[in-house]
Amino acid sequence: YAYLIHASGNISHIFSLIPAIAANSVNPDTIFANNEMSLRDTEIYGFDYDYTLAFYSRNLHTLIFNIARDILITNHRYPEGLLNYEYIPNFAVRGLHYDVQKALLMKIDAFHYIQLGTVYRGLHPVPDEEVIAMYDGCHVPLENMSDFYGKSSHGHTMKQFMDIFSLPEMSLLSCVNDFFMRHNIDYEPVHLYKDVKEAIRDVHVKGIMYRAVEADIEKYICYGEQSHAVLKKLSEHGKKMFLITNSPFDFVDRGMNYIVGKDWQDLFDVVIVQADKPGFFNDRRKPFRRVTDKGALLWDRIHKLEKGKIYKQGNLYEFLRLTGWTGSKVLYFGDHIYSDLADLTLKHGWRTGAIIPELRKEIKIMNTEQYVHMMAWLQALTGLIEQMQVHRDPASQAVVEEWIRERETKDIFNPQFGSLFRTYHNPTYFSRRLSRFADIYMASISCLLNYDFQHTFFPRRTPLQHESPFWPEHSPAGISVTSQLNMAF
Ligand SMILES: [Mg+2]
């Protein structure tokens, strides 16, 4: 026991060595590679629109929340008391799972395990013992997990929120759950989930959001000039460009007018609106249809996709046939890892780039001295636990238990759910799928401005588990934890 206490006391002086690595910070404008990829081979650049070319301010989430909340009250007869709730900007993070039957929002890791401490009913965490009792442990069986696109259809009880637009949806679900619990109202979680989903969908489908954004574009769209700079650079280098978006033409046109200017269509060789992704990538039956500037639909059969014209719907098979843009010379950017990128990677062999705006904030935190300290401490602590666990007497075990609790670090990123990319000690489910479906990922399209078109992105060669069989015996500054312990004796 004394040995353990002694060990933990001495380890803390590793901290004096840390400033040396603090300087080694990550640039938030870096493009990260999961898979080696060279821009030298990329001739054609494709883009999603929302949150890829057009980045929205937090005002949009507040707007979506408020309209959907009011739809619940007026159309679905939910209690007026809900008016007391407002959008909570930093409540949820993207990629969380929601148990539709149990009304619980939670974070799940790459191995389908629920991260304890991140299970929320309404706005409050559920105690670990209760979670373990409900799920018979922490594992969620594959058949209950969300489907391939993150949906909760066909008997899957979990839904995964992958869209940036789903932040207000998670917030609203949690607020309504909170209201019902606070007032001891008996309600059916499945109905609640469906009603909220429908209300949020109405905000989009009935055009309420589109009209609001069009009416006050400066309030909602940010960093437009950076997207413009990227598109201009690509066009100056003779790259082909296209747009495939689920949004309607009017909305995209207003936004692109703001971001690029009146002649934005000159930059794009093909523009597809209301594409209905992910169906677009899978359903061969849907033909392209011409839309005029005034929004009228034409009935003629489409034999080629022409620059300066707008097309609606269609499908990727037809797109490939008409353009000949196949395989790895095409790079497509989108923010939705499933409906923008998954099918392209798995079926069609285009290169893919994921836009993850959250990266910027997380990297900034990772660059703080506090975080660097914490990581060094965690590594050291984990090494200690691994070595010291063999001391099985109760007093030593109590110390080890204490260290194990100390390893849990989520609140530095988000007090409720932590990082988008990691649970305490594993990658998240989100991370796992990101690394499978995206060749490269970055905080925003503007990161492309830092690279020339000859650049090759190389993934870091991180060791596989069997390639680095021991805990890093060497602290970042090169002094080993074990040798420090030895020094202490
Ligand atoms: Mg998008």
Side-chain angles (χ1 to χ4, degrees), residues 45-61 63-64 93-95 149-151 160-170 200-201 203-205 207 209-210 212-214 217 220-224 226-228 230-231 241-256 258-260 264 268 270-282 312-314 316 319 330-345 350-360 420 430 433-434 437-448:
Y45 288 75
F47 300 92
D48 166 49
Y49 175 68
D50 295 292
Y51 286 110
T52 297
L53 292 178
F55 192 79
Y56 298 103
S57 72
R58 195 175 276 174
N59 295 323
L60 186 63
H61 295 170
L63 178 88
I64 295 172
V93 298
R94 202 150 55 109
Y149 297 106
K151 295 189 173 138
Q160 192 184 15
F161 287 106
M162 289 302 289
D163 214 316
I164 306 179
F165 283 128
S166 62
L167 289 168
E169 183 173 357
M170 286 185 263
I200 293 277
R201 205 195 48 209
V203 178
H204 294 259
V205 172
M209 182 189 92
Y210 299 133
V213 173
E214 286 172 43
I217 212 142
Y220 297 109
I221 295 189
C222 29
Y223 323 134
Q226 294 183 17
S227 294
H228 185 191
V230 173
L231 296 172
M241 284 188 272
F242 63 92
L243 187 67
I244 301 177
T245 172
N246 284 358
S247 286
F249 177 67
D250 275 2
F251 180 68
V252 175
D253 187 41
R254 272 307 301 272
M256 289 304 287
Y258 176 70
I259 294 167
V260 174
W264 69 270
F268 293 92
V270 178
V271 176
I272 315 287
V273 297
Q274 291 173 290
D276 193 22
K277 295 176 284 184
F280 182 85
F281 299 121
N282 298 297
K312 184 187 151 167
Q313 210 145 50
L316 189 77
F319 184 92
V330 188
L331 169 59
Y332 185 76
F333 293 96
D335 63 290
H336 197 304
I337 295 165
Y338 304 163
S339 52
D340 285 328
L341 309 181
D343 291 309
L344 288 174
T345 299
W350 283 6
R351 294 308 201 121
T352 51
I355 304 298
I356 307 175
E358 295 92 336
L359 263 178
R360 196 156 266 132
L420 182 59
F430 177 93
R433 299 199 86 200
L434 170 69
F437 300 145
D439 288 296
I440 52 176
Y441 66 101
M442 68 212 78
S444 73
I445 207 82
S446 65
C447 300
L448 269 180

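Throughout, residue positions are numbered sequentially from 1 according to the sequence presented. As the structure is a computational prediction, the values presented were derived from the model and not from experiment. For ligands, and for the atoms within them, numbers begin at 1 and follow the listed sequence.
Within the model, atoms CD1 of Ile221 and CE of Met256 stand 9.5 Å from one another, a figure rounded to the nearest 0.5 Å.
Note that Arg94 lies outside the cation-pi zone of Phe430, set by a 6.0 Å cut-off to the ring centre and a 45° limit from the axis.
Among the atoms of Asp340, no N, O or S atom is found under 2.8 Å from the Mg ion (ligand 1). Among the backbone and side-chain atoms of Asp335, an N, O or S atom lies under 2.8 Å from the Mg ion (ligand 1).
Here the two rings, on Phe242 and Trp350, have centers that are under 6.0 Å apart. A centroid separation of 6.0 Å or more is found between the aromatic rings of Tyr56 and Tyr220.
Looking only at N/O/S atoms, Asp48 comes nearest to the Mg ion (ligand 1) through OD2. Looking at Asp50 and the Mg ion (ligand 1) together, the shortest N, O or S contact belongs to O.
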